[in-house]
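First the proteins, then the strands, lettered A, B, ... as listed; each starts at 1. These numbers were taken from a predicted model, which means no experiment stands behind them.
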2 protein chains.
Amino acid sequence: MGATKTDHFSDRQNEIAILAKAIGHPARIAILEFLIKSDACICGDIVNELPLAQPTVSQHLKELKNAGLIKGSIEGNAICYCIDEKNLEKIKNYFANISIKLEKKNNKCC
Amino acid sequence: MGATKTDHFSDRQNEIAILAKAIGHPARIAILEFLIKSDACICGDIVNELPLAQPTVSQHLKELKNAGLIKGSIEGNAICYCIDEKNLEKIKNYFANISIKLEKKNNKCC
DNA sequence: AATATTTATCGTAATATTGCAATATACAAT
DNA sequence: ATTGTATATTGCAATATTACGATAAATATT
């Protein structure tokens with residue numbers, strides 16, 4: 001045992017879980033925020049911005065890419081990463097919907 | 001090595017990371033959705049709903065509680081868990097703000 | 001009091017994540 | 001072609017997560 005029982009849950013639940021998990025690390029949040037904040041999709045400056053070694057940053061970038069939260073394109077020598085809006089919208093909408101449902105229920109719990 | 005370098009990132013980044021990480025597992029998403037959907041909030045019902053053993057569910061509930069996403073109150077013999085709205089609002093707003101920032105930028109990237 | 005019910009905790013195995021040094025790869029510039 | 005620069009991959013150690021059987025703790029019921 002030890003591995004998540006992915007196939008016992010719905011596709012949607014797994015999809016949101018993958019997105020949330022990818023976001024669930026301060027370094028990856030810092031990367032996302034840096035990409036959102038900076039004007040151009042500045043390429044390699046992410047490594048300089050973070051308090052982590054280059055291989056570690058590269059790994060976090062890979063995870064964000066796998067989750068579909070960023071995309072990278074080759075720009076000569078360097079690689080240009082930027083936000084992949086679609087999945088950020090997806091998770092935004094997920095929480096927005098939860099919020100609406102909670103309001104309707106009035107959360108009259110315990 | 002192996003532990004997250006928490007203190008190299010901002011409080012806010014760590015806070016959101018903790019919330020996202022707690023949500024980043026399909027079982028915990030299923031728990032949250034069950035609590036949002038159903039009127040009941042008894043722990044035992046959650047255990048029946050999920051395809052996991054009781055100790056595993058208990059552990060997931062504990063993590064959600066630690067992250068401040070649910071709260072539990074003793075109800076006689078049983079324990080009643082329910083959504084703690086405040087932190088769900090917090091993460092909702094976080095993604096809503098990102099979305100607004102991305103719109104303003106027009107994401108004119110690569 | 002004895003028993004049943006409900007939830008938490010302990011212990012442990014399997015697996016995953018985090019972080020980095022060393023190294024590889026790929027393009028730039030000389 | 002050689003050198004420099006930027007990023008990825010490999011390999012590995014440290015730590016964390018996931019899952020569950022066994023058991024404990026706490027209340028309910030008889």
Taken to the nearest whole Å, CD/B:E75 to C1'/C:dT6 is 13 Å
Does a side-chain N or O from A:T56 land closer than 4.0 Å to OP1 or OP2 of C:dT18, or not? no
Nearest listed nucleotide, side chain of A:T4, among D:dA19, D:dC20, D:dT9: D:dA19
For A:N77 and C:dT30, give me the distance from atom CG to atom P, rounded to whole Å. 13 Å
Calculate, to the nearest 0.5 Å, the distance between atoms NZ and CG belonging to B:K105 and A:L35 respectively. 7.5 Å
Tell me which nucleotide, if any, is Watson-Crick or G-U wobble paired with C:dA13 when both distances must be under 3.5 Å. D:dT18
What distance separates B:L102 CG from A:E85 CD, expressed to the nearest 0.5 Å? 5.0 Å
For DNA chain C, which residues in residues 10-33 of chain A have a heavy atom at a distance below 4.0 Å? A:K21, A:H25, A:R28
Which donor-acceptor pairs under 3.5 Å do side chains of residues 9-18 of chain A form with protein atoms, sequence neighbours excluded?
from, atom 1, to, atom 2, distance (Å)
A:S10, OG, A:Q13, N, 3.0
A:S10, OG, A:Q13, OE1, 3.4
A:Q13, OE1, A:S10, N, 3.1
A:Q13, NE2, B:E33, OE1, 2.9
A:N14, ND2, A:T6, O, 2.9
A:N14, ND2, A:F9, O, 3.4
A:N14, ND2, A:S10, O, 3.2
A:E15, OE2, A:K90, NZ, 2.7

On DNA chain C, compare the nucleotides closest to B:K62 and A:E63; which residue's is nearer the 5' end? B:K62
Between C1' on D:dC20 and CG on B:L50, what's the gap in Å once rounded to a whole number? 15 Å
Whole angstrom is fine here: how far is it from CD1 in B:I42 over to P in C:dT5? 17 Å
Distance check needed: C:dT7 C1' versus B:N48 CG, whole Å only. 13 Å
Quick one: CG on B:L64 to CG on B:L69, what's the gap to the nearest 0.5 Å? 6.0 Å
With a 4.0 Å cutoff (strictly under), does any side-chain N or O of A:Y81 reach OP1 or OP2 of D:dA6? no
Distance col, row B:Y81:OH vs B:C41:SG, nearest 0.5 angstrom, shows 11.0 Å
From C-beta outward on A:A78, which listed nucleotide comes closest to its side chain: C:dA21, C:dT7, D:dA6? D:dA6
5′-ward residue of the pair B:T6/B:Q54 relative to DNA chain C: B:Q54
Is the closest basic N to carboxylate O distance between B:E89 and B:K92 below 4.0 Å? yes
Regarding C:dA28, purine or pyrimidine glycosidic angle vs 90° from 0 gives syn
CD1/A:I91 to OG/B:S99 distance, rounded to the nearest 0.5 angstrom? 12.5 Å
Closest to the A:Q59 side chain, choosing from D:dT18, D:dA8, C:dG19: C:dG19
Distance check: side-chain N/O of A:H60 vs OP1/OP2 of C:dG19, anything under 4.0 Å? yes
Rounded to the nearest 0.5 Å, what's the gap from CD1 on B:I46 to CG on B:L61? Could you check? 5.0 Å
Choose from D:dA8, D:dC20, C:dT7 the nucleotide whose nearest atom is closest to any side-chain atom of B:L52. D:dC20
Specify the separation, in whole Å, of atom CD1 of A:I74 and atom C1' of D:dT5. 15 Å
Quickly work out the B:L64 CG to C:dA8 P distance and round it to whole Å. 12 Å
Whole-Å gap separating C1' (C:dA8) and CG (B:N66): 13 Å
